[in-house]
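Working notes for the structure below.
The figures here come from the full heavy-atom set of this structure, side chains too, leaving out hydrogens, waters and symmetry mates.
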Amino acid sequence: MAHFQVVIVGGGSAGLTVAAQLMNKPNPPQIAIVDPAEKHYYQPLWTLIGAGVFPREESERDQADFIPDGATWVKSSVTGFDPDNNALSLNSGESLTYDALVVAAGIQIDWGKIPGLKESVGKPGTGVCSNYDYETVDSTFENIKNLKGGTAIFTHPSTPIKCGGAPLKICFLAEHYWRKHGVSNSINIKFVKGGPGIFAVKKYADALTEVADRKHIDRVWMMDLAELRPDKKEAIFRHIETGEEQVMSYDMIHVTPPMSAPKFIADSPLAADSGWVEVDKSTTQHTRYPNVFALGDCSNLPTSKTGAAIRKQAPVTVANLRAYLAGQALGKKYDGYTSCPLVTGYGSLILAEFDYDKQPMESFPFNQAQERYSMYALKAYGLPRMYWHGMLKGREF
């Protein structure tokens, strides 16, 4: 049974950022990063890949290139947590023990919860596509390119998802593509969401509503995708309050699948009733196990699950983890900052930034609710470089 001062579960955005920042500090602790994945993906780019802007390979790197020097990479999956004994078990049959634990295991995508989805998504001729997997993201642009008329549906489930604006972004991009190619008048576009409105922050919701009106996108609220019948090209939606079902025919459907906390977390003592790791929303420290911290998508921090949120959560986690190990009070606070670069078309973007109270926290000296090319360029070209060469290298900004 190997022992480390700090064990980090997850080698995604949150786990690697925390590891790199810890290793960049004086006298870094002995760290293990637990993750079996050989590849690392910059998933925020998948929206633009699905719209044909970049090849999917642009989003992929070797995981080994981003494991910080001095950290131990444990290429295994976690099967269970035993926080009362400061231990966790691995699928190899081995166990690790720790002085402190950071849980940054991301989110679970539940493809199997919608009958008909798993066997049809990304398959030619089905009309079913999704940006939410490296293996299926190319199918989105294939469907957008090939559609000349009919009905295109874009779904957004009622569950928490990574990057809450992403389902709407690909809808806007698809409309722009069809308009540029002279077929938009022949396509009925539906955006179907298992929630009450287009966006949670009024300032940006008002702007996005204007965009959707301009693009003649039909919006349907409070409806979850419940089943696909790909042989008939029918989607069954269920009202999340009444349970009433409605059948919609489609020629193309972009599915954002339901998502949840990873099962090995939801079934563990670390989980809140919701299944996510239960932490203090200001410090990212676990509410019951003081030597456990969590951040990113797997935590129950009440903010959007985005890479931008992780960028602000990581320095808080690192500072408070170091304080805990030193026997000091936790002094760093996270205010809920998150950001969603809302692409509204090829070359235009609304940059939403806000806090726990859904109040805008804008970085630039202009109204970010206006569509701008400069913000699109930041999303497409600036942020990926900041991610690979800054955030994953432990630089704070």
Item to check | Test ring pair (Phe, Tyr, Trp, His ring centres under 6.0 Å) applied to Phe154 and Phe191, step by step | outcome: CA-CA 5 Å; Phe154 297 81; Phe191 180 70; 7.8 Å; no
Next on the checklist: Does Lys75 form a salt bridge (Lys or Arg N to Asp or Glu O under 4.0 Å) with Asp35? I'd like the steps, not just the answer.
Outcome noted: CA-CA 5 Å; Lys75 297 182 189 179; Asp35 196 306; over 6 Å; no
[X] side chain to [Y] backbone, donor-acceptor under 3.5 Å:
{"X": "Ser339", "Y": "Ala308", "value": "no"}
{"X": "Thr136", "Y": "Gly122", "value": "no"}
{"X": "Thr155", "Y": "Thr256", "value": "yes"}
{"X": "Arg311", "Y": "Phe397", "value": "yes"}

In the single-linkage hydrophobic clustering (I, L, V, M, F, W, Y; side-chain heavy atoms under 4.5 Å), do [X] and [Y] co-cluster?
{"X": "Val7", "Y": "Ile265", "value": "yes"}
{"X": "Leu301", "Y": "Ile310", "value": "no"}
{"X": "Trp46", "Y": "Ile253", "value": "no"}

Can you confirm whether more than 12 heavy atoms, excluding those of [X], are under 6.0 Å from its [atom1] atom?
{"X": "Lys123", "atom1": "NZ", "value": "yes"}
{"X": "Gln328", "atom1": "CD", "value": "yes"}
{"X": "Lys333", "atom1": "NZ", "value": "yes"}
{"X": "Glu94", "atom1": "CD", "value": "no"}

Do [X] and [Y] have side chains that approach each other closer than 4.5 Å (heavy atoms only, starting at C-beta)?
{"X": "Ile153", "Y": "Met248", "result": "yes"}
{"X": "Asp138", "Y": "Ile49", "result": "yes"}
{"X": "Leu117", "Y": "Pro257", "result": "yes"}
{"X": "Pro44", "Y": "Lys379", "result": "yes"}
{"X": "Leu270", "Y": "Tyr289", "result": "yes"}
{"X": "Val103", "Y": "Leu101", "result": "yes"}
{"X": "Phe366", "Y": "Arg372", "result": "yes"}

Let me confirm one number: the [atom1]-[atom2] distance from [X] to [Y], rounded to the nearest 0.5 Å.
{"X": "Thr79", "Y": "Lys263", "atom1": "OG1", "atom2": "NZ", "value": "11.5 Å"}
{"X": "Phe81", "Y": "Phe264", "atom1": "CZ", "atom2": "CZ", "value": "5.0 Å"}
{"X": "Ile67", "Y": "Met23", "atom1": "CD1", "atom2": "CE", "value": "11.5 Å"}
{"X": "Ile170", "Y": "Phe172", "atom1": "CD1", "atom2": "CZ", "value": "12.0 Å"}

Checklist entry - Is Glu371 salt-bridged to Lys215, cutoff N-O under 4.0 Å? => result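 Answer for the salt bridge query: no.
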Item to check | Arg238 with Asp224: basic N within carboxylate O range, under 4.0 Å | outcome: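 Looking at Arg238 and Asp224, the cut-off is not met.
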Item to check | Reference residue Glu396; test salt bridge (Lys or Arg N to Asp or Glu O under 4.0 Å); the match among Lys332, Lys25, Lys312 | outcome: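 In the set Lys332, Lys25, Lys312, the residue that makes a salt bridge (Lys or Arg N to Asp or Glu O under 4.0 Å) with Glu396 is Lys25.
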Next on the checklist: Restricting to side-chain hydrogen bond (donor to acceptor under 3.5 Å, both in side chains), what partner residues turn up for Thr287, sequence neighbours left out?
Outcome noted: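 Checked Thr287 against side-chain hydrogen bond (donor to acceptor under 3.5 Å, both in side chains); zero matches.
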Check the side chains of [Y] and [X] for a donor-acceptor pair under 3.5 angstrom, ignoring hydrogens and angles.
{"X": "Gln63", "Y": "His40", "answer": "yes"}
{"X": "Thr47", "Y": "Asn131", "answer": "no"}
{"X": "Thr317", "Y": "Tyr334", "answer": "no"}
{"X": "Gln43", "Y": "Lys162", "answer": "yes"}

Using the salt bridge (charged side-chain N to carboxylate O under 4.0 Å, His left out) rule, collect all pairs that involve [range], keeping only residues at least two apart or in two chains.
{"range": "residues 342-358", "result": "none"}
{"range": "residues 99-117", "result": "Asp110-Lys113"}
{"range": "residues 202-213", "result": "Lys202-Asp206, Lys203-Glu362, Asp213-Arg219"}

Of all the heavy-atom pairs spanning [X] and [Y], show the shortest one and how long it is.
{"X": "Phe199", "Y": "Cys340", "result": "CZ-CB, 4.3 Å"}
{"X": "Ile114", "Y": "Pro258", "result": "CD1-CD, 3.5 Å"}
{"X": "Pro262", "Y": "Ala105", "result": "CG-O, 4.0 Å"}
{"X": "Pro160", "Y": "Lys305", "result": "CB-CE, 3.9 Å"}
{"X": "Trp388", "Y": "Ser59", "result": "CZ2-O, 3.6 Å"}
{"X": "Gln368", "Y": "Leu351", "result": "NE2-O, 2.9 Å"}

Item to check | Contacts of type salt bridge (charged side-chain N to carboxylate O under 4.0 Å, His left out), residue Arg288, not counting sequence neighbours | outcome: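 Arg288 satisfies salt bridge (charged side-chain N to carboxylate O under 4.0 Å, His left out) with Glu278 only.
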Checklist entry - Could you walk me through whether Asp65 and Arg61 pass the salt bridge (Lys or Arg N to Asp or Glu O under 4.0 Å) check? => result CA-CA 8 Å; Asp65 293 341; Arg61 301 286 190 278; over 6 Å; no
Checklist entry - Tell me the side-chain hydrogen bond (donor to acceptor under 3.5 Å, both in side chains) pairs involving residues 178-187, sequence neighbours left out? => result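 Matches after skipping sequence neighbours: Glu175-Arg179.
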Checklist entry - Taking the six-membered ring of Tyr177, is the NZ or CZ of Lys145 close enough (under 6.0 Å from the centre) and on axis enough (within 45°)? => result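 Lys145 over Tyr177 ring: no.
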Item to check | Whether Tyr42 and Tyr387 hold their rings parallel, tilted or perpendicular, with breakpoints at 30° and 60° | outcome: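 Rings of Tyr42 and Tyr387: tilted, as their planes differ by 30° to 60°.
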Item to check | Test side-chain hydrogen bond (donor to acceptor under 3.5 Å, both in side chains) applied to Ser76 and Asn91, step by step | outcome: CA-CA 6 Å; Ser76 191; Asn91 66 347; 2.5 Å; yes
